[in-house]
Amino acid sequence: MINVIYFAWVRERIGLPRERIETNAATVLDLIDELSAREARYAAAFADRASLRVALDQKLSSFDAPLIDVQEVAFFPPMTGG
Amino acid sequence: MINVIYFAWVRERIGLPRERIETNAATVLDLIDELSAREARYAAAFADRASLRVALDQKLSSFDAPLIDVQEVAFFPPMTGG
Amino acid sequence: MRIVVQAAPLNLGAETNTFAANAKGAGAIVTFTGLVRDNGGTLTAMEIEHYPGMTEKAIATITTEATTRWSLTDALVIHRFGRLAANEPIMMIATAALHRTNAFAAAEFLMDYLKSRAPFWKKEISASGAKWVAAKDADETALNRW
Amino acid sequence: MRIVVQAAPLNLGAETNTFAANAKGAGAIVTFTGLVRDNGGTLTAMEIEHYPGMTEKAIATITTEATTRWSLTDALVIHRFGRLAANEPIMMIATAALHRTNAFAAAEFLMDYLKSRAPFWKKEISASGAKWVAAKDADETALNRW
């Protein structure tokens, strides 16, 4: 089980801010594929990979990073702080 | 007659903040030479030309600038504002 | 070093005075304040979403790096979230150093990194609807200079 | 644009709040504050002499150039003269622009020019005597980048 969090338009497209997911995905990319195959709203949120960012346990990460020992995955658009 | 003003260590070396001077000097350089020849305190104040700046009518100027129509000449060290 | 992520309005003047009063030994203070642009009067409000937990960590990492790299005597970052009105301050930073060059460089570095590496997302609300602010390529490119 | 040359203490916070309140339409404000360095506790006071009349003109020329070149929506320069204590603010500037790059560049330009082109002279008073602060070559060199 892994906590998955969504922000900004990723959250809006998926329709919820966070969920707990039962998965055997080995990497972030595997998790994205698994969720995208599950429902259209996930496929829509994850369609434009170039506009997607991921953080693993609150650290910016890459799509090919392994999920082993990860508690929290967050998906969001490029940040617009400042 | 021209108003001559001194600032910072130029003022301290010459020993007064301003004076009116009767001169026929054609340029700033001529005025410096004329004053330097007059008394040792002027010679001391004007000795290090690289550390001297001049303003004519409150505008930074060069030593070879003409004094014609100038009302106010100011001598001072490089500025240290900010 | 002080880092604050808050919903409450930001009192620039009070924060600036407190920062300056604590800056004993420094010679230079630079502050940057980001304001909600009113887009020529069309903006109704701005909503800022953030990632509690990660936000503070990301800002602390960036600020610690700036402090070390430019020998800052102190640094401050305050960033708001929630609903803001046009012309309100969104965030401010302050850097204190012995000389101005370091205070300026650190402030620009902090801003470049906060723009693209701190997990905030801005949404502009206007009469014609709501729109997420897109990240600018220029902001990502700005990181390359450091 | 507001330019003030004053003997009175400088209230950073109040000046910053006033400047920000008037910065409608801007997106970015940068401020710089110069403090009297205490030189490791040896400084008794700093005395600042200036050239009344020329000071205001020189600052106005520099500030007008910065405003034009970086499309500032507003700019502020306050510089003190007279006797100051360690850690007191000597001067502050503020720039307001639509985006941060211009506000930062204009503030750095203003500071570089005020350092070497505004007629102020600083004298440091310590237990061992009084000493005019020498202009730094680096400050003159800094002008070349603009």
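Quick note: numbers below take in every heavy atom, side chains included, and nothing from hydrogens, waters or symmetry partners. Per chain, numbering begins at 1; letters A, B, ... match sequence-line order. Fair warning: this is a prediction, and the values are worked out from it, not measured in the lab.
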* For each of C/Arg80, C/Lys115, C/Met92, C/Glu140, tally heavy-atom pairs with chain A at distances under 4.5 Å, and name the one with the top tally. => C/Lys115

* Determine the option with the most heavy-atom pairs under 4.5 angstrom with chain C, choosing from A/Pro77, A/Ala55, A/Ala74, A/Gly81. => A/Gly81

* Give, for atom CE of C/Met54 and atom CG of A/Asp57, the distance between the pair rounded to the nearest 0.5 Å. => 11.0 Å

* Answer with side chain, backbone, both or neither: which region of A/Arg53 has an atom nearer than 4.5 Å to a non-hydrogen atom of chain C? => neither

* Pick from C/Met111, C/Lys57, C/Lys122 with the largest number of heavy-atom pairs that fall under 4.5 Å of chain A -> C/Lys122

* Would you say the side-chain atoms of C/Lys123 pair up with the backbone N or O of A/Ala8, donor to acceptor, closer than 3.5 Å? -> no

* To do: Look at atom CG of A/Asp48 and say whether more than 12 heavy atoms of other residues, nucleotides or ligands are closer to it than 6.0 Å.
  => yes

* Quick check: are there more than 12 heavy atoms from other residues, nucleotides or ligands sitting under 6.0 Å from CZ of A/Arg38? -> yes

* **Minimal non-hydrogen separation, A/Thr80 against C/Val133, with atom names** => CG2-O, 3.5 Å

* Just checking heavy atoms, which of residues 41-50 of chain C are less than 4.5 Å from chain A? -> C/Glu49, C/His50

* Are there more than 12 heavy atoms of other residues, nucleotides or ligands under 6.0 Å from atom CG of A/Asn24? -> no

* If you count heavy-atom pairs under 4.5 Å between each of C/Ala58, C/Ser116, C/Gly34, C/Ala134 and chain A, which one has the most? -> C/Ser116

* Structure fact -> Which of C/Phe81, C/Trp121, C/Trp132 passes ring-ring contact (aromatic ring centres under 6.0 Å, His included) with A/Phe7? Answer is C/Trp121

* **Distance (rounded to the nearest 0.5 Å) between C/Leu114 CG and A/Met79 CE** => 11.0 Å

